[in-house]
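Remarks on the structure that follows.
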Amino acid sequence: MTTTPAPHDHAVQLPPDDVPRPVSRAGIGETVRLAATALAPMLAQGIIVRRPRLVRLADRLQVDDRAVRALQRSRRRHGPGPLRLRVPGRSLVLVLSAADAGRVLTGGPFRPATREKKAALQHFQPGGVLITDTDHRAARRRWNEQVLQMDVPLHAQAAAVARVAAEELGPLHDAGRWDWETFAPAWWRLVRRVTLGDSARDDEALTDLLGELRGRGNWAYLRRTDTEARARLLAAIGRYVDRAEPGSLAATVAAAPADPAVPVADQVAHWLFAWDAAGIATYKALALLAGHPDHAAAVAGEVAAADPDRPDLPSLRATVLESVRLWPTTLAVLRESHGPTDWAGTRLRDGTTFVIASSLVHRDDETLPDADRFAPALWADADAPAGTSASLWSMVPFSAGPARCPGRDLVLHTTGVALAALTAERRVEQTRGRRVVEGQGIPRTLDHTALAYRLS
C-alpha cells in the first residue's frame, strides 16, 4: 500500500522510512471498553452540533484525556498498527498512529463519504461535496475550491470580512466583557453577513432552522429526515445566493461559472455548518491569549501594524491553529474503504470504516513533544512546501488529502480578524471557565460555553 500526499498537504508529511504495521483485532471486552471510553463520549457531545450539557460533563470528566489514555493502552498492547473492533455486521478500525492517519487521509482507496457521515449530513445538505460519492464529486470539489479560493491566503472578500468582523464584534470590545451567550449571536451575525450578505444579518430563523436540522444530524440514520424543513432551509439559502450582495461569498458564487452538477445551496449549507466550529475555535483561542501574555503582547503588536483593509496576521492564524490542534472541533475523522483493501497483509473488506480520533493524533504525549503545551511556532512554516517541524506532519486540524477543507485560508483569515476586533489595544483576561495557564499542561477537554472574558 503506497501513499503520496497531495502537493498542498503541507501538514501531512510521512516519515520516509515508515511502513504500515499489521492490523490487530480487539477482543470483545476491549471493544466494549474502547467504545465506552473513546467513541461514546464523542457521539454524546454531538458530532454535528454540540449538546451543551454533555459538553459541560465532558469538561468535568476530561473525557478526551481518558480517550487518549485508552487508545494508548491498546497501542502498547497491540502495536501501532490499526485496531479492528469486534462490531457485529460492521468492519470498524481504529487508527492508533499519526502515520496511519496520514495514510488514510492522503492516499489509498479511502473516501470521505462514509455511511455515518452521509446519514448525518443529508439532514441539511444532501448534495454537499463531503458526502458525494458519485461522479459529481470532482465537479463539486472543484467548485468549492474555486469559490472559497483554496490556498489563497487572502480571499477576494478579505477586506469585507475584516470590516464585518469589526462592525459585529466591535460592540463586545467596547463593552469590555462577554461570555458565550453574548459572543455566539454576534458571531452568527458575522457569519450570515460574510456568507449570504448584509440582508441576512438578522435572519436568526435561518440559523435556528439549520441548528434544528443539525440536531437531527446528530442521530444520523436513527432520526427521520425532515424533508420539508430541509427544503425550506435550502430555498432560503438559495434566495440569498441569488441576491449576490457585494462583499459576501454569495457574490463570489455568482461570479463562478454555473455547473448543473453542483447544487449551490447544499454547498453553502455546509459552509454555514462549518462556521460554527470556527466560532468555537475562535472563542477557545481567547483562552490561549489570556493564558499566555507574552504571546498576546506579540499578537497585539502584529495587529497594530497590520493593514486595516487586508490584514496579514500570522501570529493570530497560529493561535487559531493551536486552538483546533489542542481542542479539535472535529472529534473524529472518518474514512471508508472503497473496495477490498490490503493493509500490511491484512485483507479488509469493502466499506471498512477507519476512525481517526483527533484527540489522539493531535495530543499524543507518547509521540509528540508539544502535545500538551501551547506551541504556536509549530505553524510558523505551515505554508511552506515541506514544513520544518518534526511533529507538524501529524497535525490535521483542517483534515488532509482529497477532503482537506477548501475554506481553510478563509476561515483562518476570518478568525484572525475576529480576534483582532475583540482584543485591539487591550489585554484579554479570562474570568470564568477552566483556565489555560502558561507553563502548565493544557487540558484536553475545554467547555467553550463556560468561558467568559474581560478586557483590561
Side-chain angles (χ1 to χ4, degrees), residues 11-15 18 21 24 26 30 33-34 36-42 45 58-83 94-105 281 284-285 287-288 291-292 295 318-333 354-382 387-400 434-448:
V12 179
Q13 304 161 49
L14 299 178
D18 189 87
R21 303 297 180 88
S24 300
E30 186 176 17
R33 286 192 296 274
L34 287 170
T37 308
L39 301 181
M42 297 179 197
Q45 291 179 71
D59 179 289
R60 190 176 311 129
L61 299 177
Q62 286 296 293
V63 296
D64 292 293
D65 183 66
R66 296 179 181 215
V68 169
R69 299 304 172 210
L71 292 166
Q72 288 173 335
R73 283 194 296 272
S74 289
R75 185 172 61 199
R76 288 193 293 271
R77 179 180 180 184
H78 297 280
L83 181 63
L94 291 180
V95 175
L96 298 180
S97 74
D100 283 347
R103 288 187 182 90
V104 171
L105 292 174
K284 290 181 177 180
L288 294 172
H292 298 84
H295 178 75
T319 307
V320 175
L321 283 163
E322 277 295 90
S323 175
V324 288
R325 176 182 75 87
L326 294 165
W327 306 295
T329 52
T330 301
L331 303 180
V333 181
F354 289 76
V355 181
I356 301 169
S358 301
S359 56
L360 178 65
V361 295
H362 286 193
R363 305 288 300 270
D364 187 358
D365 55 0
E366 292 185 349
T367 62
L368 300 174
D370 305 309
D372 294 326
R373 72 181 187 91
F374 177 56
L378 281 175
W379 306 100
D381 297 307
T388 58
S389 168
S391 60
L392 183 61
W393 62 271
S394 66
M395 311 301 178
V396 289
F398 285 87
S399 193
R434 189 179 294 274
R435 295 181 183 275
V436 176
V437 180
E438 188 167 18
Q440 297 183 13
I442 291 178
R444 285 196 169 94
T445 306
L446 185 67
D447 174 13
H448 60 281

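Throughout, residue positions are numbered sequentially from 1 according to the sequence presented. Quantities reported herein were computed from a predicted structural model and do not represent experimental measurements.
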S97 side, atom OG; R103 side, atom CZ - distance, nearest 0.5 Å: 6.5 Å
Nearest atoms (heavy-atom pairs only) where V333 meets T330: CG2-CG2, 4.1 Å
Side chain to side chain, D64 and H362, heavy atoms closer than 4.5 Å: no
Salt bridge flag under 4.0 Å for residues R325 and E322: yes
Non-hydrogen atoms of A285 and S323 that approach each other most closely: N-OG, 3.7 Å
Sub-4.5 Å side-chain heavy-atom contact between Q45 and L331: yes
For S359 against P328, the heavy-atom pair lying closest together: N-CG, 4.3 Å
Sub-4.5 Å side-chain heavy-atom contact between H292 and V436: yes
Distance (rounded to the nearest 0.5 Å) between F354 CZ and D100 CG: 9.0 Å
Rounded distance (nearest 0.5 Å) linking atom CZ of R76 with atom CG of L96: 11.5 Å
Side chains of L34 and S74 in contact at under 4.5 Å (non-hydrogen atoms): yes
Close side-chain approach of L288 to I442, heavy-atom, < 4.5 Å: yes
Which residues share a ring pair (Phe, Tyr, Trp, His ring centres under 6.0 Å) with H295, sequence neighbours left out: F374
CZ on R69 to CG on L71, rounded to 0.5 Å: 11.0 Å
Minimal non-hydrogen separation, L105 against S399, with atom names: CD2-OG, 4.1 Å
Option among R434, R435, R444 that satisfies the salt bridge (Lys or Arg N to Asp or Glu O under 4.0 Å) test with D59: R434
Set of side-chain hydrogen bond (donor to acceptor under 3.5 Å, both in side chains) partners for R373, sequence neighbours left out: D370
Side-chain touch L368/R363, heavy atoms, less than 4.5 angstrom: no
Q62 versus P443, closest heavy-atom pair with distance: OE1-CB, 3.6 Å
Approximate separation, where rounding is to 0.5 Å, of H78 NE2 and L83 CG: 5.0 Å
Spatial distance of atom OG1 (T37) from atom CZ (R73) [nearest 0.5 Å]: 7.0 Å
Residue of the set I356, L360, L39 for which side chain to side chain contact (heavy atoms under 4.5 Å, CB included) holds with L94: L39
